[in-house]
S.K.: 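Got a structure for you, written out below as structure tokens; questions coming shortly.
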Amino acid sequence: MVGKGGQTINSYKDIKVWQMAIDLAVDCYQLTKKFPKEEIYGLTAQIRRAASSIAANIAEGHGREVTGSFIQFLRISQGSLKELETHMLISHRIGLIEESEFRQMTEKCDEIGRMVRALIRSLQEKR
């Protein structure tokens with residue numbers, strides 16, 4: 001598979017949006033460490049699961065080695081991203097996430113979302 005700019009993609013690990021999704025998941029784990037213990041099975045778990053799912057679905061879709069499947073898993077990844085954004089908004093509104101942290105995480109989510117959409121369009125054009 002050839003990525004944007006003509007680079008060869010031999011593994012999902014070569015995909016820039018996957019790398020950024022991993023970074024986002026790590027950021028989410030760090031952020032939720034500050035959440036109250038009573039949220040461990042609530043928003044903490046939901047945020048961590050949604051964030052991990054973004055990169056996991058990109059990897060799983062790439063591993064299927066079928067363009068249609070990859071696109072479907074990228075769409076699932078988009079859904080997980082929107083779920084994460086929703087949990088972040090709730091966390092912000094109830095005072096668990098400060099404004100600056102919320103803005104920073106939202107910007108990362110927006111960038112990843114744009115990249116996933118661009119990857120989907122690129123794959124659809126090659127079909």
S.K.: Got a sec, which residues hit side-chain contact (heavy atoms from CB on, under 4.5 Å) with Thr86, two or more places apart in sequence or on another chain?
M.R.: Ile90

S.K.: Would you give the length of the straight line joining atom CD1 of Ile71 to atom NZ of Lys126, rounded to the nearest 0.5 angstrom?
M.R.: 10.5 Å

S.K.: With a 4.5 Å heavy-atom cut-off, do Leu84 and Leu24 have their side chains touching?
M.R.: yes

S.K.: Are Leu89 and Phe102 side-chain neighbours, meaning at least one heavy-atom pair lies under 4.5 Å?
M.R.: yes

S.K.: Once you round to the nearest 0.5 Å, how far does NZ of Lys13 lie from CD1 of Ile58?
M.R.: 14.5 Å

S.K.: Counting neighbours of CD on Glu99 that are heavy atoms of other residues, nucleotides or ligands and sit closer than 6.0 Å, is the number greater than 12?
M.R.: yes

S.K.: Hey, could you give me the CZ/CD distance between Arg103 and Glu98, rounded to the nearest 0.5 Å?
M.R.: 11.0 Å

S.K.: Which heavy atom in Ala55 sits nearest to a heavy atom in Ala21, and how many Å separate them?
M.R.: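 Looks like CB-CB, 3.7 Å.
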
S.K.: Applying side-chain hydrogen bond (donor to acceptor under 3.5 Å, both in side chains), which residue pairs with at least one partner in residues 106-123 are found, sequence neighbours left out?
M.R.: Asp27-Lys108

S.K.: Which value, rounded to the nearest 0.5 Å, describes the distance between Ser77 atom OG and Phe70 atom CZ?
M.R.: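 Going from OG on Ser77 over to CZ on Phe70, the span is 9.0 Å.
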
S.K.: Considering only heavy atoms from C-beta outward, does the side chain of Ile94 approach that of Leu43 to under 4.5 Å?
M.R.: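 Answer yes - side chains close enough.
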
S.K.: Hey, does Ile54 have a side-chain heavy atom less than 4.5 Å from the side chain of Val116?
M.R.: no

S.K.: Above 12 or not: heavy atoms from other molecules or residues under 6.0 Å from CD of Gln19?
M.R.: yes

S.K.: When you compare the side chain of Ile120 with that of Gln78, does any pair of heavy atoms fall below 4.5 Å?
M.R.: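 SC-SC contact between Gln78 and Ile120 confirmed.
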
S.K.: Using the test salt bridge (Lys or Arg N to Asp or Glu O under 4.0 Å), find all partners of Asp23 that sit at least two apart in sequence or belong to another chain.
M.R.: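 Here no residue qualifies.
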
S.K.: Quick one: which residue pairs count as a side-chain hydrogen bond (donor to acceptor under 3.5 Å, both in side chains) with a foot in residues 36-45, not counting sequence neighbours?
M.R.: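 Non-adjacent pairs meeting side-chain hydrogen bond (donor to acceptor under 3.5 Å, both in side chains): zero.
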
S.K.: Quick check for you: to the nearest 0.5 Å, what is the distance between Cys28 atom SG and Met105 atom CE?
M.R.: 3.5 Å

S.K.: Mind listing the closest non-hydrogen atom pair of Ile97 and His92 along with its distance?
M.R.: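 Here Ile97 and His92 meet closest at O-ND1, 3.0 Å.
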
S.K.: Going by the rule side-chain contact (heavy atoms from CB on, under 4.5 Å), which residues pair with Gln46 if we only count those two or more places apart in sequence or in a different chain?
M.R.: Arg49, Glu83, His87

S.K.: With sequence neighbours left out, write down each residue that passes salt bridge (Lys or Arg N to Asp or Glu O under 4.0 Å) with Glu101, or none if nothing qualifies.
M.R.: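 For Glu101 the salt bridge (Lys or Arg N to Asp or Glu O under 4.0 Å) partners, ignoring immediate neighbours, are Lys34.
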
S.K.: Following the transitive rule for hydrophobic clusters with a side-chain heavy-atom cut-off under 4.5 Å over Ile, Leu, Val, Met, Phe, Trp and Tyr, establish whether Met20 and Leu123 coincide in one cluster.
M.R.: yes

S.K.: Would you give the length of the straight line joining atom CD of Gln104 to atom SG of Cys109, rounded to the nearest 0.5 angstrom?
M.R.: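 The distance works out to 11.0 Å.
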
S.K.: Considering all heavy atoms of both residues, which atom of Phe73 and which atom of Gly61 are nearest to each other, and what is their separation?
M.R.: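 Shortest heavy-atom contact: CB-CA, 3.5 Å.
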
